[in-house]
Trainee: 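One structure coming up, written as structure tokens, with questions to follow.
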Number of protein chains: 2
Amino acid sequence: MKATIGDVAKKAGVSITTVSRVINNNYPVSSATRRKVEDAVSRLNFTPNTLARGLIQKKTFTIGVVVPSITNLFFPEVVNGIETVMQPEGYTFFLTETLERDEKEKKHVNRLLERQIDGIIVIGPSNHIMEEGFYERITGEIPTVIVNGFNKGIKCNFVLTDEKSGIREVLEYLYGLKHRNMAFMRGRKSYSYDLKEKVYKDFFIEKSIPLNEDNIIEIESGNNIASVKMAENAISRRLAKPEPPTAVVCCNDWMAVGAVRAADALGLAVPEDISVTGFDNILVSQLNKPEITTVDQGMNDIGKSAARLLLELINGGNRQAPLKKIILETKLVKRKSVKQPEGMV
Amino acid sequence: MKATIGDVAKKAGVSITTVSRVINNNYPVSSATRRKVEDAVSRLNFTPNTLARGLIQKKTFTIGVVVPSITNLFFPEVVNGIETVMQPEGYTFFLTETLERDEKEKKHVNRLLERQIDGIIVIGPSNHIMEEGFYERITGEIPTVIVNGFNKGIKCNFVLTDEKSGIREVLEYLYGLKHRNMAFMRGRKSYSYDLKEKVYKDFFIEKSIPLNEDNIIEIESGNNIASVKMAENAISRRLAKPEPPTAVVCCNDWMAVGAVRAADALGLAVPEDISVTGFDNILVSQLNKPEITTVDQGMNDIGKSAARLLLELINGGNRQAPLKKIILETKLVKRKSVKQPEGMV
DNA sequence: ATTTTAATAGAAAACCTTTTCTATAAAGTG
DNA sequence: CACTTTATAGAAAAGGTTTTCTATTAAAAT
């Protein structure tokens, strides 16, 4: 049976109070007594019960981290960033996966709240649940940071990357290389895809390039390995149609890998015959042949920023603190999958 | 301020006991009373404080999961397996990264113990810490499962993959294709690398093939993207020496990717000129060109098995239960990076 | 009609800490 | 020497639950 502070007190022949003071070192204790207590602690292998401590202090040094899927290359990086910041501060975190199921997302968040976490970071929340006002309510209860999900009307703390400028930079880059016929590949409806598509369309208007509707390609699957196959198929179909694009701008790296494969299969060389860009800079983009030009979101930094913001909220103690929206810069990573199109000089 | 069971009781005009009974549904309560309580619960948005509950029940429905690094492709799969099993049972888990630092590993485990977890799963533990008997002590305190780490003298519960037969199957396969000059690439000293090297050497003795010491190649880095570069360099050096191997057997997929790159750089085609095999079947092996023949460890299943074993231990309640060692089958995944060597028919 | 049993509800103890308040002894001050 | 500080230590309350034990009422059994 696990030793309690009472056992230690008895063994050391002092009061519980004194033991507590030695452990927490927050009140003067004579060196003789201290020695006795320390001796008893180590002999009994005593470790304080943080449930009891948390109960009285109303503080658990515990946070919750909610991710859609831990096996998705993207999220472990963010989680690692969070850990990097929180761990030295003495925090431990609960990790839960929602697998993009709305019921699970809510259930898990509630489960975390019951566990008296000091704060919560939700990565890639369901937009539907946000719209319900669920996270606004949570924000009212405990320090809450939403990562990579945004909805204009919702009053929460956000950490986002500037995907808008990221995708815009890609377009500028390709445009500068004289690409005019650029396809755009996205996944099913989501804040992030919608945002990028808007930037894409606006760019064409701004540059007065006629928009070819065939060039906006949507695939079912999201941000995982399944997208490779789907992207490959979708791009193959597109390349079979008239006026094949000289470049394919993809909303994530998986899609870009798929695009490269589709080109390969049709005997088109990347980047000589067709350029491809990705987004996210997950290692897949780096390992691909050719290495894929993509946009780095600094996933690790996202995690760190979110964690730092959460710490601020926790330590600030002011529930009425003004809400923050932190937007992180993206960075275009130029690699081997982009080139000026044939015939353009 | 968060509502307590007392607030609910007052609002509903009943005792705390009764509220508890409604919430846990473990004692008859008249339907009128139940309604009053449920009403108060939802009006006050009450959720029970699991710290208090855990304190008295000595059960938190919380486990600890310790991984070397969450960004390593390997571990998220295991973690996901654990979540898949534990989540429906009402458990939430703490995740902590050790980054392969011994002090961190111990500190994190202790921190978890303080948090009164019901059990702990340690993935890829430090062999040094195991040898200290640290995990034997932990096993005496709470249900403990060690995943993918093994040490003969240590009395713990283990979940392992049969790496021995996995690497053996690779060797048999290559041997069957008439490869005789096979290089072996490993990382720095660790249980798993040592084991595989032994199987490799034994295989050569068994088949009476003279062993070329140059064919045992060790690189510094472990199981991550950094290994790609190091493997590439190491293999390049080996290929420059006499009697270049017709096949390279790698201890993980990263190394295999590096080997393919080295071959590429030297103008050797994989698999026509040289065959390459990996280990682990992380998605990197699948995305490579050519797709890499590797050994699937069923990482997700490892996690599930570990979780199921842990549940057994937790629910069994018998701390003296006989220790278990679960060994999971591996599976050779034949892809495109292996071929019969030139000149052999 | 009286006694048992069943159904429902509450009071109080317990879980393990921290923290506030009180007590004692030693040391410093006039 | 009497009085106040200071240093050290303990008793008891508090934190939010569950659980055991006791109490009340109504229904069933005699």
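Reminder, nothing fancy here: chain letters follow the sequence lines and each chain counts from 1. None of these values were measured; they are calculated from a predicted model.
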Trainee: Run the salt-bridge test on B/Glu312 and B/Lys324 with the 4.0 Å N-O cut-off and return the result as yes or no.
Mentor: yes
Trainee: If we ignore angles and hydrogens, is there a donor and acceptor under 3.5 Å between the side chains of A/Asn25 and A/Arg34?
Mentor: yes
Trainee: Can you tell me the distance, in whole Å, between the CD1 atom of A/Ile5 and the P atom of D/dA12?
Mentor: 17 Å
Trainee: State plainly whether the residues B/Arg35 and B/Asp39 are in salt-bridge range, i.e. N to O under 4.0 Å.
Mentor: no
Trainee: Tell me whether B/Arg137 is salt-bridged to B/Glu141, with the criterion being a basic N under 4.0 Å from an acidic carboxylate O.
Mentor: yes
Trainee: Looking for any heavy atom pair under 4.0 Å, which part of the strands does A/Thr50 touch: base, sugar-phosphate only, or nothing?
Mentor: nothing
Trainee: For the side chain of A/Ala52, starting at C-beta, report the closest nucleotide among C/dA9, C/dT17, D/dT17.
Mentor: C/dT17
Trainee: Return the value, rounded to whole Å, for the distance between atom OH of A/Tyr27 and atom C1' of C/dT18.
Mentor: 14 Å
Trainee: Whole angstrom is fine here: how far is it from CG in B/Asp7 over to P in D/dG15?
Mentor: 11 Å
Trainee: When you check the side-chain N and O atoms of A/Ser20 and A/Thr17, is any donor under 3.5 Å from an acceptor?
Mentor: no
Trainee: Roughly how many Å is it from CZ in A/Arg34 to P in D/dA7, rounded to a whole number?
Mentor: 15 Å
Trainee: Would you please classify the geometry between the B/Tyr191 ring and the B/Phe150 ring as parallel, tilted or perpendicular, with 30° and 60° separating the classes?
Mentor: perpendicular
Trainee: Could you state the CG-P distance from A/Asn26 to C/dT17, rounded to the nearest angstrom?
Mentor: 15 Å
Trainee: Tell me yes or no: between the side chains of B/Thr71 and B/Ser69, is some donor less than 3.5 Å from an acceptor?
Mentor: yes
Trainee: Between A/Arg53 and B/Glu114, does any NZ, NE, NH1 or NH2 come within less than 4.0 Å of an OD or OE carboxylate oxygen?
Mentor: no
Trainee: Please check the phosphate of C/dT19 (OP1 and OP2 only) for any side-chain N or O of A/Gln57 closer than 4.0 Å.
Mentor: yes
Trainee: Write down the distance between CG (B/Asn49) and C1' (D/dG16), rounded to a whole number of angstrom.
Mentor: 6 Å
Trainee: From the list D/dT17, D/dG15, C/dC15, which nucleotide is the closest neighbour of the side chain of A/Lys58?
Mentor: D/dG15
Trainee: What integer distance in Å separates B/Ile56:CD1 from C/dC16:C1'?
Mentor: 11 Å
Trainee: Strictly by modelled atom types, are B/Asn127 and B/Glu131 linked by a side-chain donor-acceptor pair under 3.5 Å?
Mentor: yes
Trainee: Between atom NZ in A/Lys36 and atom P in D/dT8, what is the gap in whole Å?
Mentor: 14 Å
Trainee: Taking DNA chain C as the partner, which of residues 10-25 of chain B come within under 4.0 angstrom of it by heavy atom?
Mentor: B/Val14, B/Ser15, B/Thr17, B/Thr18, B/Arg21
Trainee: Identify, between B/Ser30 and B/Leu55, the residue whose nearest nucleotide on DNA chain C lies closer to the 5' end.
Mentor: B/Ser30
Trainee: Please give me every residue in residues 110-118 of chain A whose heavy atoms get under 4.0 Å of an atom in DNA chain C, ordered by residue number.
Mentor: none
